[in-house]
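These notes are about the structure you will find just below.
Naming convention: chains lettered A, B, ... in sequence-line order (proteins, then strands); numbering from 1 in each chain. A quick note: this is a predicted structure, and the numbers were derived from the prediction, not measured.
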Number of protein chains: 2
Amino acid sequence: MFDELDVALLKTLRDHPRAGQLEVSRLTGVARATVQARIHKLESAGIVTGYGPDVDLRAAGYTVQAFVTLEIAQGALDAVQGELEGHPSVVEAFATTGTGDVLCRMAARSQEELQQALLDINRSPNIARSMSVVILSTVVETRSLPLLEAHARAGGRAPAYRRAHRAPGGRRAADDREA
Amino acid sequence: MFDELDVALLKTLRDHPRAGQLEVSRLTGVARATVQARIHKLESAGIVTGYGPDVDLRAAGYTVQAFVTLEIAQGALDAVQGELEGHPSVVEAFATTGTGDVLCRMAARSQEELQQALLDINRSPNIARSMSVVILSTVVETRSLPLLEAHARAGGRAPAYRRAHRAPGGRRAADDREA
DNA sequence: TTGCTGCTGGGCAAGCTGCTCATTTCTGCT
DNA sequence: AGCAGAAATGAGCAGCTTGCCCAGCAGCAA
């Protein structure tokens with residue numbers, strides 16, 4: 001589905017957020033028209049869904065985060081969805097297999113605020129039980145590129161002379177280092 | 001820490017990823033210089049950390065995702081961190097309170113691949129036990145703006161005539177609808 | 001009232017975007 | 001082997017945007 005170039009472009013975009021296509025083109029050593037085409041392809045395939053500003057909740061004052069496992073009443077998923085959606089503290093939520101039914105992540109500015117939010121949610125008649133674990137620290141920062149990179153189609157379509165121009169040891173990997 | 005305008009700007013940026021400042025300025029009805037200043041402020045405060053391309057793992061073929069709770073050997077967090085970081089399937093990971101020690105999210109292209117990844121991780125001598133729940137569906141899409149919005153300082157500094165221009169019922173909320 | 005901060009609106013040079021096109025190169029298929 | 005199709009390239013152009021600056025005015029607090 002992907003090849004190295006796609007991943008290289010995504011990486012470059014991530015590391016140089018302000019970079020436009022021209023900048024990306026220069027950084028990756030690919031023609032601007034190619035950059036435009038590839039990115040457009042990724043966007044229309046729905047793989048790149050946007051470039052929304054990445055908000056650091058911790059920096060924004062929401063230093064307390066927790067994962068909460070909810071056990072909900074039979075068939076009440078829709079109702080619960082509405083409730084969770086209505087609660088700003090809920091940052092994301094998923095239906096899962098296992099003993100719990102819904103796993104959601106919450107954020108708050110203090111322990112007290114988190115507790116209050118948990119109480120709010122538990123008040124719902126659709127929630128049978130809840131179990132929460134507080135996040136102490138981040139072990140692996142959220143990332144998706146390594147995954148794509150791991151399965152990237154190695155074959156590039158870059159014309160031969162392109163590669164020739166580059167330093168033998170350099171290659172595209174150079175993009176990351178200068179970040 | 002925030003006021004309505006900050007949130008409005010972030011919302012606009014999220015809903016119109018390609019929009020530059022001028023576009024944002026027009027969409028929010030705020031002077032361009034103001035947009036520039038506010039966004040710059042958010043960036044230097046570390047609240048907006050970037051505009052990295054949002055990759056939809058599902059669309060990219062990684063349809064299987066799971067949360068895995070790891071129980072690790074005493075004092076082996078650093079070692080585990082290295083291992084998890086080295087494994088592309090690990091999308092993010094956190095140290096938590098509770099019976100488990102580390103909670104990580106993983107993604108794969110199939111059940112088999114996920115299982116393989118889990119086996120890989122369990123092979124580590126630092127991992128005492130692991131428990132995984134598979135994500136069945138998304139209940140609440142990842143979001144952080146509602147949280148900021150909830151605590152946004154209501155007072156704007158916008159000059160009076162600005163407000164006068166707007167429809168009494170409309171307000172800034174209009175930005176979202178046209179998305 | 002005064003002073004300070006923040007928003008406004010306007011302007012300028014430089015640079016980028018979106019789009020198109022003719023060529024060249026690579027890949028897969030016959 | 002050879003060919004057609006797909007992809008990458010480099011170049012060009014009009015129009016718009018960016019980054020920066022500044023003077024003036026509007027809120028807020030002392």
### Query
Under a 4.0 Å N-O cut-off, is there an ion pair linking Arg38(B) with Glu43(B)?
no

### Query
Any Lys/Arg nitrogen of Lys11(B) or Glu149(B) sitting under 4.0 Å from an Asp/Glu carboxylate oxygen of the other?
yes

Rounded to the nearest angstrom, tell me the gap between atom [atom1] in [X] and atom [atom2] in [N].
{"X": "Ile39(B)", "N": "dC20(D)", "atom1": "CD1", "atom2": "C1'", "result": "16 Å"}
{"X": "Leu5(A)", "N": "dA6(D)", "atom1": "CG", "atom2": "C1'", "result": "15 Å"}
{"X": "His40(B)", "N": "dG6(C)", "atom1": "NE2", "atom2": "P", "result": "13 Å"}
{"X": "Tyr51(B)", "N": "dT18(D)", "atom1": "OH", "atom2": "P", "result": "12 Å"}
{"X": "Glu4(A)", "N": "dA7(D)", "atom1": "CD", "atom2": "C1'", "result": "16 Å"}
{"X": "His16(B)", "N": "dT17(D)", "atom1": "NE2", "atom2": "P", "result": "15 Å"}
{"X": "Asp6(B)", "N": "dC7(C)", "atom1": "CG", "atom2": "C1'", "result": "13 Å"}
{"X": "Glu43(B)", "N": "dT18(D)", "atom1": "CD", "atom2": "C1'", "result": "13 Å"}

Taking only N/O atoms, report every protein-nucleotides 18-20 of chain C pair under 3.5 Å with atom names and distance.
| residue | atom | partner | partner atom | Å |
| --- | --- | --- | --- | --- |
| dG18(C) | OP2 | Gln21(A) | NE2 | 3.0 |
| dG18(C) | N7 | Arg32(A) | NH1 | 3.1 |
| dG18(C) | O6 | Arg32(A) | NH2 | 2.8 |
| dC19(C) | N4 | Arg32(A) | NH2 | 2.8 |

### Query
Considering residues at least two apart in sequence or located in another chain, which fulfil the side chain to side chain contact (heavy atoms under 4.5 Å, CB included) criterion with Ala60(A)?
Tyr62(A), Phe2(B), Ile47(B), Leu148(B)

### Query
Can you tell me if the side-chain N/O atoms of Arg26(B) get under 4.0 Å from OP1 or OP2 in dT17(D)?
yes

### Task
Enter the inter-axis angle for the ends of the helix from dT1(C)-dA30(D) to dT30(C)-dA1(D) (five pairs per end, rounded to 10°).
50°

### Message
According to ring-ring contact (aromatic ring centres under 6.0 Å, His included), who are the partners of Tyr51(A), at least two apart in sequence or on a separate chain?
### Response
none

### Message
Restricting to salt bridge (Lys or Arg N to Asp or Glu O under 4.0 Å), what partner residues turn up for Arg58(B), sequence neighbours left out?
### Response
none

### Message
Applying salt bridge (Lys or Arg N to Asp or Glu O under 4.0 Å), can you list everything that pairs with Asp54(A), at least two apart in sequence or on another chain?
### Response
none

### Task
Could you pick out which residue, Gly20(B) or Lys41(A), lies toward the 5' side of DNA chain D when each is mapped onto its nearest nucleotide?
Lys41(A)

### Summary
residues 118-128 of chain B vs salt bridge (Lys or Arg N to Asp or Glu O under 4.0 Å), sequence neighbours excluded, gives Asp120(B)-Arg123(B)

### Query
How would you list all residue pairs meeting ring pair (Phe, Tyr, Trp, His ring centres under 6.0 Å) that involve residues 100-133 of chain B, not counting sequence neighbours?
none

For residues 139-146 of chain B, tabulate all N or O donor-acceptor pairs below 3.5 Å that involve a side-chain atom, not counting sequence neighbours.
| residue | atom | partner | partner atom | Å |
| --- | --- | --- | --- | --- |
| Thr142(B) | OG1 | Glu92(A) | OE1 | 2.5 |
| Arg143(B) | NE | Val90(A) | O | 2.9 |
| Arg143(B) | NH1 | Glu85(A) | O | 2.8 |
| Arg143(B) | NH2 | Leu84(A) | O | 3.1 |
| Arg143(B) | NH2 | Glu85(A) | O | 3.2 |
| Arg143(B) | NH2 | His87(A) | O | 2.8 |
| Arg143(B) | NH2 | Val90(A) | O | 2.9 |

